[in-house]
Amino acid sequence: AQQLLADGHAYHCYCSKQELEEMRAEQMARKQKPRYDGRCRQRTEPVAGVAPVIRFRNPQQGQTVIHDLVHGDIIFDNAELDDLIIARSDGTPTYNFTVVVDDMDMRITHVIRGDDHINNTPRQINIFNALGVETPRYAHLPMILGPDGTKLSKRHGAVSVMQYRDDGFLPEAVLNYLVRLGWSHGDQEIFSREEMVALFDIADVNKSASAINPDKLLWLNQHYIKTGDPARLGAELGWHLARIGLEVTDAVKLAAVVRAQAERAKTFKDMALASRFFFEEFADYDAQAAAKNLNAETLPALRDMQARLTTLENWSAAAIHAALEACVAESGLKLGKVAQPLRVAVSGGTVSPPIDATLEILGREMTLLRLARAIDHVESAAGPI
RNA sequence: GCUCCCUUCGUCUAGAGGCCUAGGACGGAGCCCUCUCAAGGCUUAAACACCGGUUCGAAUCCGGUAGGGAGCGCCA
């Protein structure tokens, strides 16, 4: 600031805040752009008792052009720019001045920021020029808007990245989603981190603001749930289970649950909720589900399966499936008439992964316990049959 | 108000004058598959904001209009 003061690129201004406000109000009244009118530009004598601010002496003639990497040339008439304050009356520097000095000191080559900064750029370029420093390259990225197309705010949900983890999203999904906002590489939708790094080119960034589409983020998240490493994803599921009060340390089981639930969960939060029954006894049956599936009519099938599963040689999905088929063949029931009661017996509700996979993960002990509980439930409701 | 920016399906986007009867993706609809829920497969509806130019030819270039956004602090 002292340097600019010395070579005449800046000057002291003694105008009071009140004076400035009056000036602005007057200009607004005349439907002009509110701006400092440069009244202290020529002043040489200090005003007694007033601590001055330092203003940058902006060029009054000519144009300043931003060679923007995404917008192309953006031209401003210098006459539009007023003399901004670079140091407050207490001597501290202001934003537009500090960015320039900082960029200069750090030898910044590229300034990439939101396009809400476009209007600040010509001022900053003029300061660079006054300082005799080469300007960095500028790239102004389009804004990201909320799902309703209005400005992003706390009301639009997750503004902090950590919120996304809490909501059950994977970092690669969030990254993949974000990179496709305002940028594209042909028709490609899925990008690994390596691809993002290799393929990203500022030239492919587009100019218009984009609205967040939560459904697409969900879709990407599920894509990464389906294709990610089950061991790693199992740990993530464990984290979410812990959040709902379930401490699970069995990494093998967690990975198995992830594999089984991947195609029916869009977030880990949902997956954790839908997977509780794998890890803890459920409190009550879903009333409708129990009424429809745990009754006198389905009791024989439940008993039959109980017997078959008790004596099953190796507890695998394939073996369980074979037992199911055998039960179906002997009883003449449709597969669904056996599977669904089993599902309710074992999970408490109507939704779960395929029944054979579900039982395999649950294990023989838990399965048999819950089958007994279900048979009990039917008998106590209807009396012994 | 002034200055600047932006404008292709609901949304994210492809598209650099003829390849566009405008492509892909999410979401929607329908069908298929199926032990639930899903996932998956197939099919389908859906857009170049508007008006003028330039050109043999415009979503693509130019001008205007409309609409949206940002900035206009001793804030950052």
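Letters A, B, ... are given to chains in the order of the sequence lines, protein chains preceding strands, and every chain is numbered from 1.
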Please tabulate the protein-to-nucleotide N/O contacts below 3.5 Å involving nucleotides 41-43 of chain B, giving atom names and distances.
none

Using a 6.0 Å distance limit plus a 45 degree cone around the ring axis, check whether A/R373 lies over the aromatic ring of A/F282. yes
For A/F56, enumerate each residue passing the ring-ring contact (aromatic ring centres under 6.0 Å, His included) test, keeping only those at least two apart in sequence or located in another chain. none
Just to be sure I understand the rule, does [X] reach a base, reach only the sugar-phosphate, or reach nothing, if contact means heavy atoms closer than 4.0 Å?
X      : answer
A/I75  : sugar-phosphate
A/N206 : sugar-phosphate
A/K334 : nothing
A/Q222 : sugar-phosphate
A/N120 : base
A/C327 : nothing
A/K17  : base

Complementary nucleotide of [N], counting Watson-Crick and G-U pairs under 3.5 Å:
N     : value
B/C35 : none
B/U55 : none
B/C2  : B/G71
B/A29 : B/U43
B/A49 : B/U65
B/C19 : none

In this structure, CZ of A/R364 is separated from OG1 of A/T311 (nearest 0.5 Å) by 8.0 Å
What string of B, S and - do you get for nucleotides 15-35 of chain B 5' to 3' if you count protein non-hydrogen atoms under 4.0 Å? --------BBBBS-------B
Selected nucleotide, minimal atom distance to [X] side chain, candidates [options]:
X      : options            : value
A/L20  : B/A14, B/C5, B/C74 : B/C74
A/I74  : B/A76, B/C74, B/C4 : B/C4
A/I118 : B/C4, B/C72, B/A76 : B/C4
A/V53  : B/C74, B/C2, B/C4  : B/C74

Taking salt bridge (Lys or Arg N to Asp or Glu O under 4.0 Å) as the criterion, tell me which of A/R41, A/R55, A/R123, A/R57 meets it with A/D83. A/R41
Starting from the C-alpha separation in whole Å, work towards a yes-or-no answer on side-chain hydrogen bond (donor to acceptor under 3.5 Å, both in side chains) for A/Q340 and A/R343. CA-CA 5 Å; A/Q340 198 60 356; A/R343 175 171 284 113; 2.7 Å; yes
Say we look at [N] and [M]: how far apart would their [atom1] atoms be, to the nearest angstrom?
N     : M     : atom1 : result
B/U60 : B/G17 : C1'   : 6 Å
B/G41 : B/G69 : P     : 39 Å
B/G10 : B/A22 : P     : 15 Å

Please determine whether a side-chain nitrogen of the Lys or Arg among A/R180 and A/E189 lies less than 4.0 Å from a carboxylate oxygen of the Asp or Glu. yes
Salt bridge present between A/R35 and A/E80 (N-O < 4.0 angstrom): no
Closer than 4.0 Å, any side-chain N/O of [X] to the OP1 or OP2 of [N]?
X      : N     : answer
A/S210 : B/U13 : yes
A/H140 : B/C5  : no
A/R24  : B/G73 : yes

Check: A/S352 side chain, B/C37 base, donor-acceptor under 3.5 Å: no
Pair A/E21-A/K17, salt bridge (Lys or Arg N to Asp or Glu O under 4.0 Å): steps then yes or no: CA-CA 6 Å; A/E21 264 167 47; A/K17 289 184 187 181; over 6 Å; no
What's the verdict on salt bridge (Lys or Arg N to Asp or Glu O under 4.0 Å) for A/K269 and A/D166, showing C-alpha distance, side-chain angles and the deciding distance? CA-CA 8 Å; A/K269 194 175 180 180; A/D166 293 348; over 6 Å; no
Out of A/E194, A/E195, A/R193, which one pairs with A/F191 under the side chain to side chain contact (heavy atoms under 4.5 Å, CB included) rule? A/E195
Is it true that, when you exclude A/K337 itself, more than 12 heavy atoms of the residues, nucleotides or ligands shown sit nearer than 6.0 Å to its NZ? no
